Amino acid sequence: MDDRGPDVDSAVTSTAERIAAMEVRGAAAIADAAAEALATQARESDADRPEAFTRELREAARTLYETRPTAVSLPNALRYVLRGMDGDTVAELRAATIARAEAFQHDLAHAQTELGAIGANRLRDGDVVMTHCHSTDALACVEAALEDGKELEAIVKETRPRKQGHITAQQLREWDVPVTLIVDNAARRYLDRADHVLVGADSIAADGSVINKIGTSGLAVSARERGVPVMVAAQTIKLHPDTMTGHTVEIEMRDEREVLEDDHRAEITGDGDGDSDGLTVENPAFDVTPPRYVDAIVTEHGQFPPESIVTLMRELFGETTGEPWEP
Ligand code: RI2
């Protein structure tokens with residue numbers, strides 16, 4: 001065996017960079033891109049022995065895994081594909097990995113459609129939904145309700161700092177849904193006009209806590225106070241198996257320049273020295289909404305009260321084990 005590390009295909013590193021930079025974002029899109037990248041690694045590998053092929057795939061998975069820590073769909077996707085890497089020859093391993101990645105991507109798209117059909121049942125003709133950030137799982141529920149002939153309106157929270165609410169507004173307008181765009185601080189005032197809060201999730205913990213874009217927990221608390229039900233749309237790929245054994249979900253801290261650009265910081269502090277100007281900016285990307293503020297978690301397997309989601313987790317994941325990219 002030579003000393004060189006395993007070759008990681010440039011398509012894998014480029015996918016990892018795009019996920020880290022949030023050019024690919026949203027838990028479902030991240031999982032899809034990760035599976036695609038592993039399939040590309042398998043296809044392009046010039047490993048001549050099964051052990052070398054396996055090492056390359058594990059290294060590719062590790063490269064992808066290290067990009068975003070909170071969205072559990074990423075390790076779940078990597079785990080799923082690597083567990084299907086079966087065979088005695090490189091050709092067999094390659095074929096099995098590619099087939100497994102394709103099956104995963106197919107199931108992912110399918111699950112979102114099924115989830116949408118279930119979530120749509122909660123939405124009545126004429127309802128107003130308030131959204132936070134941009135979630136394709138949440139929008140799948142709206143799309144299915146529209147296809148059922150229901151008319152809906154939306155109050156869309158801008159969602160600082162990256163204003164991903166704009167993507168939601170654009171999608172809803174493409175579907176002809178009337179949209180009222182508000183700044184995050186206006187949410188409580190506008191809850192009086194909302195029939196549902198509808199959000200996605202990046203991870204769901206075993207106790208039913210929902211980890212989603214920063215600001216979700218405050219919105220959920222206000223919604224409870226106003227009597228507006230909170231509905232979380234999350235495919236089972238967002239269930240976090242490690243939380244069944246007591247692990248907590250890491251909250252991603254992003255670059256402070258998403259909140260405050262360098263030139264603006266210099267205006268505030270009166271100098272350009274970001275290291276010692278006495279101003280600290282913190283930029284957590286996600287927060288944790290306790291289960292008592294969530295009315296329903298909608299998955300492709302049905303709707304669950306948050307407290308019972310652990311039953312589904314056990315059924316789907318069994319006992320958790322180590323990461324497949326750790327030999
Ligand atoms: P879908 C997003 O995180 C939002 O928090 C959104 O609710 C969640 O992913 C799920 O998105 P980010 O990747 O998988 O924008 O439903 O940080 O599309």
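Order of listing sets the numbers, starting from 1, for every ligand and every atom in it. Treat the numbers as computed from the prediction; the structure is a model and nothing was measured.
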**Q** Pair E153, R193 - check salt bridge (charged side-chain N to carboxylate O under 4.0 Å, His left out), show working.
**A** CA-CA 10 Å; E153 286 184 38; R193 280 174 43 186; 5.1 Å; no
**Q** Enumerate the atoms of ligand 1 whose separation from the nearest heavy atom of F286 is less than 4.0 angstrom.
**A**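 The list of qualifying atoms is 3 (O), 5 (O), 17 (O).
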**Q** If hydrophobic clusters are built from ILVMFWY residues whose side chains come within less than 4.5 Å, do Y190 and V179 share one?
**A**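 Looking at the clustering, V179 is in a separate group from Y190.
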**Q** Test of understanding: clusters of I, L, V, M, F, W, Y form through side-chain heavy atoms closer than 4.5 Å, transitively. Do V249 and V210 belong to the same one?
**A**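 No; V210 is not reachable from V249 via cluster members.
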**Q** In terms of atom number and element, which parts of ligand 1 are under 4.0 angstrom from non-hydrogen atoms of A27?
**A**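 Within the 4.0 Å cut-off of A27, ligand 1 contributes 1 (P), 9 (O), 10 (C), 11 (O), 14 (O).
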**Q** Which residue from D287, T136, I237, T159 reaches closest to atom 1 (P) of ligand 1 through any of its heavy atoms?
**A**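 Closest candidate by heavy-atom distance is T136.
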**Q** Where is the nearest protein heavy atom to atom 16 (O) of ligand 1: which residue, which atom, and how far?
**A**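 Scanning the protein heavy atoms, the shortest distance from atom 16 (O) of ligand 1 goes to S135 OG, 2.7 Å.
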**Q** Does the residue R162 have a heavy-atom contact with ligand 1, meaning some pair of atoms that are separated by less than 4.0 Å?
**A**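 In this structure, R162 fails to qualify as a contact of ligand 1 - no heavy atom is under 4.0 Å.
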**Q** I155, L172: one ILVMFWY side-chain cluster at the under-4.5 Å cut-off?
**A**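 No, I155 does not connect to L172 through the hydrophobic network.
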**Q** Please classify the C133 to ligand 1 contact at 4.0 Å (heavy-atom distances, strictly less than): side chain, backbone, both or neither.
**A**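 Under 4.0 Å from ligand 1, C133 contributes side-chain atoms alone.
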**Q** Walk me through whether E36 and T15 qualify under side-chain hydrogen bond (donor to acceptor under 3.5 Å, both in side chains).
**A** CA-CA 9 Å; E36 180 72 40; T15 299; over 6 Å; no
**Q** Less than 4.5 Å apart, side chain to side chain, heavy atoms only: is that true for M130 and V228?
**A**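 Not in contact.
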**Q** Please state which option from N212, D32, V232 has its nearest heavy atom closest to atom 7 (O) of ligand 1.
**A**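 Of the listed residues, N212 has the closest heavy atom.
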**Q** Output the list of atoms in ligand 1 that are nearer than 4.0 Å to some heavy atom of Q164, sorted by atom number.
**A**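 Here the atoms of ligand 1 in question are 15 (O).
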**Q** M22 heavy atoms, cut-off 4.0 Å: which ligand 1 atoms fall inside?
**A**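 Result: 15 (O), 17 (O).
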**Q** Using a 3.5 Å cut-off on N or O atoms only, is I30 in polar contact with ligand 1?
**A**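 For ligand 1, there is no N or O atom that lies under 3.5 Å from one belonging to I30.
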**Q** Measuring from the heavy atoms of K238, does anything fall under 4.0 Å of ligand 1?
**A**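 A heavy atom of K238 does come that close to ligand 1.
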**Q** Any side-chain heavy-atom pair from T236 and E300 closer than 4.5 angstrom?
**A**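 Heavy-atom side-chain distance check passes, below 4.5 Å.
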**Q** Within ligand 1, which atoms have a heavy atom of H134 less than 4.0 Å away?
**A**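 Listed by number with element: 4 (C), 6 (C), 11 (O).
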**Q** Can you pull out the closest protein heavy atom to atom 2 (C) of ligand 1? Residue, atom name and distance to 0.1 Å, please.
**A**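 Protein heavy atom with the smallest distance to atom 2 (C) of ligand 1: D202 OD2, 3.4 Å.
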**Q** Look at atom 14 (O) of ligand 1 and say which protein heavy atom is nearest, naming residue and atom and giving the distance to 0.1 Å.
**A**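 Closest protein heavy atom to atom 14 (O) of ligand 1: A28 N, 2.8 Å.
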**Q** Could you state the interatomic distance from CG (D7) to OG (S45), rounded to the nearest 0.5 Å?
**A**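 It comes to 8.0 Å.
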**Q** Just by distance, with hydrogens left out, do D137 and S135 show a side-chain donor and acceptor under 3.5 Å apart?
**A**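 No pair is found: no donor N or O on one side chain lies under 3.5 Å from an acceptor on the other.
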**Q** Starting from atom 12 (P) of ligand 1, find the nearest protein heavy-atom neighbour and note its residue, name and distance.
**A**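 In this structure, atom 12 (P) of ligand 1 has K213 NZ, 3.4 Å as its nearest protein heavy atom.
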**Q** Does Q112 have a heavy atom less than 4.0 Å from any atom of ligand 1?
**A**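 In this structure, Q112 fails to qualify as a contact of ligand 1 - no heavy atom is under 4.0 Å.
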**Q** Going only through I, L, V, M, F, W and Y residues with side-chain contacts under 4.5 Å, is there a path from I251 to M22?
**A**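 Different clusters.
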**Q** If you measure from atom 17 (O) of ligand 1 to every heavy atom of R68, E252, R25, H132, which option wins on shortest distance?
**A**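 Heavy atom nearest to atom 17 (O) of ligand 1 belongs to R68.
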**Q** If hydrogens are left out, which of A285, A233, G200, A201 has an atom nearest to atom 10 (C) of ligand 1, that is, the closest non-hydrogen atom?
**A**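 Comparing heavy atoms across A285, A233, G200, A201, the nearest one to atom 10 (C) of ligand 1 lies in A201.
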**Q** Salt bridge (charged side-chain N to carboxylate O under 4.0 Å, His left out) with E252: which of K213, R25, R68?
**A**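 Answer after filtering K213, R25, R68: R68.
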